[in-house]
Amino acid sequence: MSPMDEQKNVLNSPPPRMNIIGSGKLGRTLARLLHDAGLVTIGGIYNRHIDNSESARAFIGDGCVVKNLEQLTKEVAELWMIATSDDAIHSCAKQLAALPDINWQNAVVFHSSGLKTSAELGPLKKLGSSVASAHPAHSFASPQRSLTSFASTVCTLEGDERAIDSLDSLFSAIGGQVTTIKAEAKPLYHAATVMASNYLVALLGASEALLEKAGIEAALASAILSPLMRQSLENGLTEGAVNALTGPIARGDSKTIQAHLKAIEQAAPGLRSSYTSMGTQALQLARQKNTLSKKELANIEKLLIEK
Ligand SMILES: NC(=O)c1ccc[n+]([C@@H]2O[C@H](COP(=O)([O-])OP(=O)(O)OC[C@H]3O[C@@H](n4cnc5c(N)ncnc54)[C@H](OP(=O)(O)O)[C@@H]3O)[C@@H](O)[C@H]2O)c1
């Protein structure tokens, strides 16, 4: 069967029922997208706090809130999503495996951690289910916004072939760009996505803090940073990080760096290490530009590594 026929086949067969353990930001968004597209029906929804399950049920528009994991034995499902915090995935899989009367033989179970692999679901694999991790490279800060911005998100799958095939069809059908990854590559892959997403926000916070120390009020700070960050990101994404780097490190202006460090030490010493570690990365890009002399590069490096 061609991949297109396979996809049609999946879309024509009755949608699988999906049980959900952990319906926070990611869990409820994926469930709603899959449900709205007619790709799944929702079975049981479990979180430790029942109000989390109830608000997820209202957001998704389907499903049955259960008070404890044991009640999931009554919710027959072919698909299981464990979208708890990363640290709870394995213990949830162990608790599910200990429950009686669930037929795991034809089930597909997945979690969405960027770091953890399908091995977290080992207790359920031992009982015959197919397991996978499926990580969307998307920031689910607002489930409502993510409903419209999810399309074209890269979704990285890892695990058993059968689980990957099913999830490939489901994530592709909601607009994801599906790819696969080897289990051993996940820590570096995830570190990269965390730096690009969360650390970008942290960088914004650090710049805002310095502007506040400089006596610049919040509205003006936002007017300064918003176009600056957007332009730099756009330049970096279109021209590549090396070509997009401008500023004192790219120019070799070591006295400017020295003045920054002095001001930061006085006003916000806690931000010194952020400035120097990102400066070291900028210096690495400046080296690749090949426009500065060895002496200029060494002068800046000395300032950045001095304690
Ligand atoms: N947010 C993102 O942008 C994003 C992006 C890609 C991947 N992910 C991955 O998606 C997964 C979920 O992340 P999230 O951001 O959606 O987290 P979240 O908003 O904190 O939601 C986690 C949910 O799991 C429930 N939960 C936690 N421990 C549980 C347990 N032991 N048993 C049952 N339910 C439990 C929590 O409710 P209770 O406290 O009521 O139990 C909560 O509703 C993680 O693996 C994360 O790495 C997230």
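First listed ligand is number 1; within each ligand, the first listed atom is number 1. Each residue takes its place number in the sequence, starting with 1.
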Can you tell me how far apart NE2 (His260) and CG (Leu303) are? Round to the nearest 0.5 Å.
11.5 Å
Could Arg17 and Glu75 be called an ion pair, given the rule that one side-chain N must be under 4.0 Å from one carboxylate O?
yes
Just jot down the salt bridge (charged side-chain N to carboxylate O under 4.0 Å, His left out) partners of Glu301, sequence neighbours excluded, or say none.
Arg287
Salt bridge (charged side-chain N to carboxylate O under 4.0 Å, His left out) involving Lys302 - partner list, sequence neighbours excluded
Glu306
Applying salt bridge (charged side-chain N to carboxylate O under 4.0 Å, His left out) to Glu78 and not counting sequence neighbours gives none
Side chains of Ser226 and Arg230, donor plus acceptor under 3.5 Å:
yes
Counting only non-hydrogen atoms and a 4.0 Å cut-off, the residues near ligand 1 are Ile21, Gly22, Ser23, Gly24, Lys25, Leu26, Tyr46, Asn47, Arg48, His49, Asn52, Ala83, Thr84, Asp86, Ala88, Cys92, Ser112, Ser113, His135, Pro136, His138, Ser139, Phe140
